[in-house]
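For reference, the structure I am asking about is given below.
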Amino acid sequence: MKISKPRGTRDFLPEDTKQRRHVENILRQIVRNWGFNEIITPTFESLELFTLKSGEGIIGELYNFTDKGDREMTLRPELTAPVMRMYVNEMQAYQQPLKLFYFENCFRYERPQKGRFREFWQFGVELIGSNKADADAEVIALATYMLKAVGIKGDLHVNNLGVIRHLLNILETEHQSKIMRLVDKKDDIGLNDFLEEIDAPADLRMKLLELICLTGDEAISNAKELVGEIPEIQRFQELLTLLDTYGVEYTIDFGIARGLDYYTGTVFEIYAEGLGAQNQVCGGGSYQLIKLFGGGDVPSTGFGLGFDRIMEVCEIEAPDDKPIVIIAKDSTRLEAVKTSIKLRPHMPVYNDLMKRNFKAQLTYANNIGANHVIIIGEQEVEAGKVTLKNMNSGEQELLTIEEVILKLGKNNDTIPEKNKKR
RNA sequence: GCCGGGGUAGGGUAGCGGUUAUCCUGUAGCCCUGUGGAGGCUACGAUUCGAGUUCGAUUCUCGAUCCCGGCCCCA
């Protein structure tokens, strides 16, 4: 009886894995160059960490369990909360701003569909300690640069929640939250009904419905007409000026709400084409979670990139490994092993492990796409050299191992390419 | 949790009440023990699971399960 993999999980074959690692390393390199440092948090955490952040309702979507010491645990559904927990536990005295990033798997008990799995990977960034527009701008710009680097055309939408909150601040806090959630869902009917239900002032109602539809270049001036010259708009403009300077293209969109109370001002989402219903590849903003987890009043900005969705639409190819195959006879197998040891610091080398005959070894080399084979037979051993055969041209030459290393180090562009990656 | 569409060797497929379950590809080996890519031959390998209808089910019915897509949700 075959055992199948759990629902919503995936096996990554060698080709898939190579591709994922390649893209992952490109992203990692960019984030490092922007001055962020990678961290790793536990795969499972206390259930409370996430219910604290998101409420009890989240439990339905978690892979939670009780451990043998009767502790309520869960596989992490996201990484912002763990990173904030880590900060509160052990990084509060660090020099700020603290620039952290992660690339880890997360788990949600949900119905799988296109771009949605039960185990999925998130690449995220958290900048802790600054509430300035400069911090928000750097984080947003970074997200767009990352997507660009892997060849994805993203559509960036930005908002500052301060504006809509300014409008709503005459209402009860709970009503404000509910409205933000409805705005986030773009549930206009539900929003209307709710405004009716709480008997919101007509003036507010009109302005709100108008505001959340504002997008594009005119949005700022239109918003000013609705709410006046409030500091939040100024702050929003400061951010946009910075984004212009970064060369980032964006759409102002007062309809982005992100639905959660802990977002403080700047919020943004990036969408990509070709992903069906799950087209959001990135989401983030500035938020205040540290206080909730028992730390100080420290502001943060961050985002999460849906790595699996990126892999769905990203078309860049990982470089080939271009393996070298050593071909030996029964009498020279030990010599082949010794040679492989000398070559392996410089290139990927395959020995025959199947005791195949000479011809079949060549066929094997051909099938795995080797550009070169190294033939070690009695003649070569006698000469103290090896035969290097180019599988594309068929040319052969008798060389010392040192000469082979020199030659393939120069001609085989795999080697420098590989070093470049790290 | 809900709604649609699907499951036949590792991958891609044909059969649609009775077949030795078809073909392509793949892998291993041989033709061919110092020269690969072609060809020939051989081997390996499948009806998702469980009930029901039937003399007989891969085929029809129901249920489960998994996959694909959508809804809900999206921290």
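Throughout, a chain's letter reflects where its sequence line sits, starting with A, and its residues are numbered from 1.
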Inset, instruction - Could you tell me whether A:Tyr287 contacts a base, only the sugar-phosphate backbone, or nothing, with contacts defined as non-hydrogen atoms closer than 4.0 Å? - result: nothing
Legend entry - Atom P, compared across B:G40 and B:G7: separation rounded to whole Å: 32 Å
Inset, instruction - Under 4.0 Å between any heavy atoms, over every strand shown, what does A:Glu78 touch: base, sugar-phosphate, or nothing? Just pick one. - result: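 Sugar-phosphate only.
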Inset, instruction - Select one nucleotide: of B:C3, B:C74, B:G36, the one nearest the side-chain heavy atoms of A:Lys389. - result: B:G36
Inset, instruction - Could you tell me whether A:Glu395 and A:Lys389 have a side-chain N and a carboxylate O separated by less than 4.0 Å? - result: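 No.
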Inset, instruction - May I have the distance from A:Ile375 (atom CD1) to B:G34 (atom P), rounded to whole angstrom? - result: 11 Å
Legend entry - Under 4.0 angstrom between A:Arg7 side-chain N/O and B:C67 OP1 or OP2: yes
Legend entry - Integer angstrom distance from the P of B:U48 to that of B:A14: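 Looking at atom P only, B:U48 and B:A14 are 14 Å apart.
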Inset, instruction - For the pair A:Glu24 and A:Arg21, find out whether any cationic side-chain nitrogen is under 4.0 Å from an anionic carboxylate oxygen. - result: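 A salt bridge links A:Glu24 with A:Arg21.
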Legend entry - Other residues, nucleotides, ligands: >12 heavy atoms within 6.0 Å of A:Tyr262 OH: yes
Inset, instruction - Would you kindly say whether A:Thr264 and A:Ser286 are connected by a side-chain donor-acceptor distance under 3.5 Å? - result: yes
Inset, instruction - Assign A:Arg181 to base, sugar-phosphate, or nothing according to its heavy-atom contacts below 4.0 angstrom with the strands shown. - result: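 Contact class for A:Arg181: none.
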Inset, instruction - Look at the side chain of A:Arg116 and the base of B:C74, then say whether one donor and one acceptor between them are separated by less than 3.5 Å. - result: yes
Inset, instruction - Answer yes or no: side-chain N or O of A:Gln361 and base N or O of B:U35 forming a donor-acceptor pair under 3.5 Å. - result: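 Side chain to base: no pair below 3.5 Å.
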Inset, instruction - Report yes if at least one side-chain N or O of A:Arg10 is closer than 4.0 Å to OP1 or OP2 of B:C67; otherwise report no. - result: no
Inset, instruction - Look at the side chain of A:Glu110 against the base of B:G1 and say whether a donor-acceptor pair falls under 3.5 Å; ignore hydrogens and angles. - result: no
Inset, instruction - Calculate the interatomic distance between A:Leu398 atom CG and B:G34 atom P; express it in whole Å. - result: 18 Å
Legend entry - Presence of donor-acceptor pair under 3.5 Å, side chain of A:Lys329 and base of B:U33: no
Inset, instruction - Taking only Lys NZ, Arg NE, NH1 and NH2, and the carboxylate oxygens of Asp or Glu, determine whether A:Glu312 and A:Lys114 approach each other closer than 4.0 Å. - result: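 Salt bridge present between A:Glu312 and A:Lys114.
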Legend entry - A:Arg10/A:Asp16 salt bridge by N-O under 4.0 Å criterion: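 A:Arg10 and A:Asp16: not salt-bridged.
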Legend entry - Pairing of A:Asp184 and A:Arg258 as salt bridge, 4.0 angstrom limit: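 Salt bridge absent between A:Asp184 and A:Arg258.
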Legend entry - Integer-rounded Å distance: B:C74 P and A:Tyr271 OH: 15 Å
Legend entry - Polar contact flag, side-chain donor to acceptor under 3.5 angstrom, A:Asn192-A:Arg205: no
Legend entry - d(CG, A:Leu362; P, B:G36) in whole Å: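 Computing the A:Leu362:CG to B:G36:P distance gives 6 Å.
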Inset, instruction - Send over the distance from A:Lys359 NZ to B:G39 P, rounded to a whole Å. - result: 14 Å
Legend entry - A:Lys99/A:Glu138 salt bridge by N-O under 4.0 Å criterion: yes
Legend entry - Cationic N near anionic O, under 4.0 Å, A:Arg356 to A:Asp330: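 No, this pair does not count.
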Legend entry - Out of B:G34, B:G69, B:G37, whichever nucleotide has its closest atom nearest the side chain of A:Arg111: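 Looking only at heavy atoms from C-beta outward on A:Arg111, the closest nucleotide is B:G69.
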Inset, instruction - Return the value, rounded to whole Å, for the distance between atom OH of A:Tyr364 and atom C1' of B:C32. - result: 21 Å
Inset, instruction - Classify the nucleic acid contact of A:Gln280 as base, sugar-phosphate or nothing, counting any heavy atom under 4.0 Å across all strands shown. - result: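 It contacts nothing in the nucleic acid.
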Inset, instruction - Only stems of 3 or more consecutive Watson-Crick or G-U pairs count here, both distances under 3.5 Å; name the ones for RNA chain B, or none. - result: B:1-7 with B:65-71, B:10-12 with B:23-25, B:26-31 with B:39-44, B:48-52 with B:60-64
Legend entry - Strand-adjacent residues in residues 43-66 of chain A, judged by heavy atoms under 4.0 Å from RNA chain B: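 By residue number: A:Lys53, A:Ser54, A:Ile58, A:Glu61, A:Leu62.
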Legend entry - Salt bridge present between A:Glu110 and A:Arg118 (N-O < 4.0 angstrom): no
Inset, instruction - Provide the distance between the two P atoms, one in B:U61 and one in B:U22, to the nearest whole Å. - result: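 Straight-line distance between the two P atoms is 25 Å.
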